[in-house]
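Notes for the one structure printed next.
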Amino acid sequence: MSYRESTHNRNVLIKLEIEMKYQASCHCGNVSFVFDSEIKEALSCNCSICERRGSLLIFIPRSELQLLTPEEAAVTYTFNKHTIKHRFCSTCGIHPYGEGLDPQGNAVAAINIRCVEGLDVAAIPVQYFDGKSA
């Protein structure tokens with residue numbers, strides 16, 4: 001955060017970044033979490049799993065995803081290069097998030113915004129990614 005303050009405290013400039021706390025879960029609630037983020041747009045991928053699942057994703061640092069349920073409640077599925085952990089509920093089968101590394105090697109979470117409570121998904125711009133060719 002950057003700021004400048006006069007000697008009389010009248011001219012204070014503060015840079016703020018607006019983030020909201022969101023809660024997300026699978027259908028039955030066995031996998032539930034919160035995260036802070038600004039959802040500006042989502043990603044739709046046409047790779048073999050995303051195309052079938054139909055999720056819309058945002059990516060955040062993994063450290064910003066806080067599980068409200070035990071980590072064991074989410075089952076892991078991997079395929080191909082086994083670099084992405086696709087996390088889903090073993091009870092209802094819904095995929096609320098995944099885990100992996102960004103190109104710089106940082107841990108990230110891919111959140112399925114269709115699982116975010118109270119979010120107007122239709123109002124979120126969608127970017128398309130050609131995962132079939134990647």
Side-chain angles (χ1 to χ4, degrees):
M1 182 182 309
S2 62
Y3 67 92
R4 181 176 60 95
E5 187 173 335
S6 75
T7 56
H8 298 312
N9 277 343
R10 285 190 290 170
N11 298 323
V12 178
L13 301 175
I14 300 175
K15 178 185 175 191
L16 298 174
E17 291 193 18
I18 299 173
E19 292 186 344
M20 299 226 7
K21 180 164 269 199
Y22 293 99
Q23 183 161 347
S25 69
C26 63
H27 187 257
C28 70
N30 283 345
V31 177
S32 181
F33 57 92
V34 294
F35 64 96
D36 290 324
S37 184
E38 183 179 4
I39 300 176
K40 293 181 181 179
E41 66 183 21
L43 180 128
S44 177
C45 177
N46 67 350
C47 75
S48 62
I49 193 167
C50 288
E51 189 170 61
R52 287 168 174 80
R53 191 174 52 221
S55 57
L56 294 175
L57 303 171
I58 63 164
F59 298 86
I60 65 169
R62 175 58 181 88
S63 60
E64 293 182 17
L65 184 147
Q66 179 186 1
L67 290 171
L68 300 176
T69 52
E71 187 166 347
E72 303 80 45
V75 180
T76 301
Y77 175 70
T78 63
F79 69 102
N80 195 8
K81 297 177 184 175
H82 302 278
T83 57
I84 300 171
K85 296 177 186 175
H86 301 273
R87 306 293 299 225
F88 65 96
C89 176
S90 64
T91 302
C92 67
I94 297 297
H95 171 271
Y97 73 100
E99 298 173 288
L101 300 175
D102 69 12
Q104 293 76 37
N106 302 305
V108 296
I111 297 177
N112 180 359
I113 67 167
R114 293 188 186 276
C115 295
V116 175
E117 296 176 15
L119 183 66
D120 182 5
V121 176
I124 306 296
V126 176
Q127 297 296 318
Y128 295 91
F129 177 74
D130 185 8
K132 278 185 182 173
S133 301

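Start at 1 with the first residue, then count along the sequence. Predicted model, so just to flag it, every value in this text is computed and none were measured.
Remark: S63 pairs with no residue by the side chain to side chain donor-acceptor pair (under 3.5 Å) rule, at least two apart or across chains. Remark: F88 pairs with V75, Y77, H95 by the side-chain contact (heavy atoms from CB on, under 4.5 Å) rule, at least two apart or across chains. In this structure N80 satisfies the side-chain contact (heavy atoms from CB on, under 4.5 Å) test with no other residue, sequence neighbours excluded. Qualifying side-chain contact (heavy atoms from CB on, under 4.5 Å) partners for E72, counting only residues two or more places apart in sequence or in other chains: P70. Listed by chain and number, the residues in a side-chain contact (heavy atoms from CB on, under 4.5 Å) with S25 are S32, E117 (sequence neighbours excluded).
Residues I60 and L101 fall into different hydrophobic clusters, defined by Ile, Leu, Val, Met, Phe, Trp and Tyr side chains chained together at heavy-atom separations under 4.5 Å. Residue V121 is grouped with residue Y128 when hydrophobic side chains (ILVMFWY) are merged at heavy-atom distances under 4.5 angstrom, including chains of intermediate members. In terms of hydrophobic clustering, with Ile, Leu, Val, Met, Phe, Trp and Tyr side chains grouped at heavy-atom distances under 4.5 Å, L65 and V34 are assigned to different clusters. The hydrophobic cluster containing Y97 does not contain L68, counting ILVMFWY residues as joined when their side-chain heavy atoms lie under 4.5 angstrom apart, directly or transitively. Under the 4.5 Å side-chain heavy-atom criterion for ILVMFWY residues, no single connected hydrophobic cluster contains both I111 and I94.
The other members of the hydrophobic cluster of L43, by chain and number, are L57, F59, F129 (side-chain heavy atoms under 4.5 Å, ILVMFWY only).
The minimum heavy-atom distance linking T78 with K85 is given by the pair CG2-CA, 4.1 Å. Closest approach of L56 to R114, counting heavy atoms only: CD1-NH2, 3.6 Å. Contact between I58 and S37 at its shortest, heavy atoms only, is CD1-OG, 4.3 Å. Here the closest non-hydrogen pair linking C45 and G131 is SG-CA, 3.7 Å. Looking at every heavy atom in both residues, C115 comes nearest to P96 through SG-CA, 3.7 Å.
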Step-by-step side-chain contact (heavy atoms from CB on, under 4.5 Å) determination, N30 to T69: CA-CA 7 Å; N30 283 345; T69 52; 6.0 Å; no
Using side-chain contact (heavy atoms from CB on, under 4.5 Å), reason through D36 and K21 one step at a time and then give a plain yes or no. CA-CA 4 Å; D36 290 324; K21 180 164 269 199; 3.2 Å; yes
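Side-chain N or O atoms of R87 include none that pairs as donor or acceptor with a backbone N or O of V31 at under 3.5 Å.
To the nearest 0.5 Å, the span separating CD on E51 from NZ on K132 amounts to 4.0 Å.
Using a 4.5 Å heavy-atom threshold, the side chains of Y22 and I113 count as separate.
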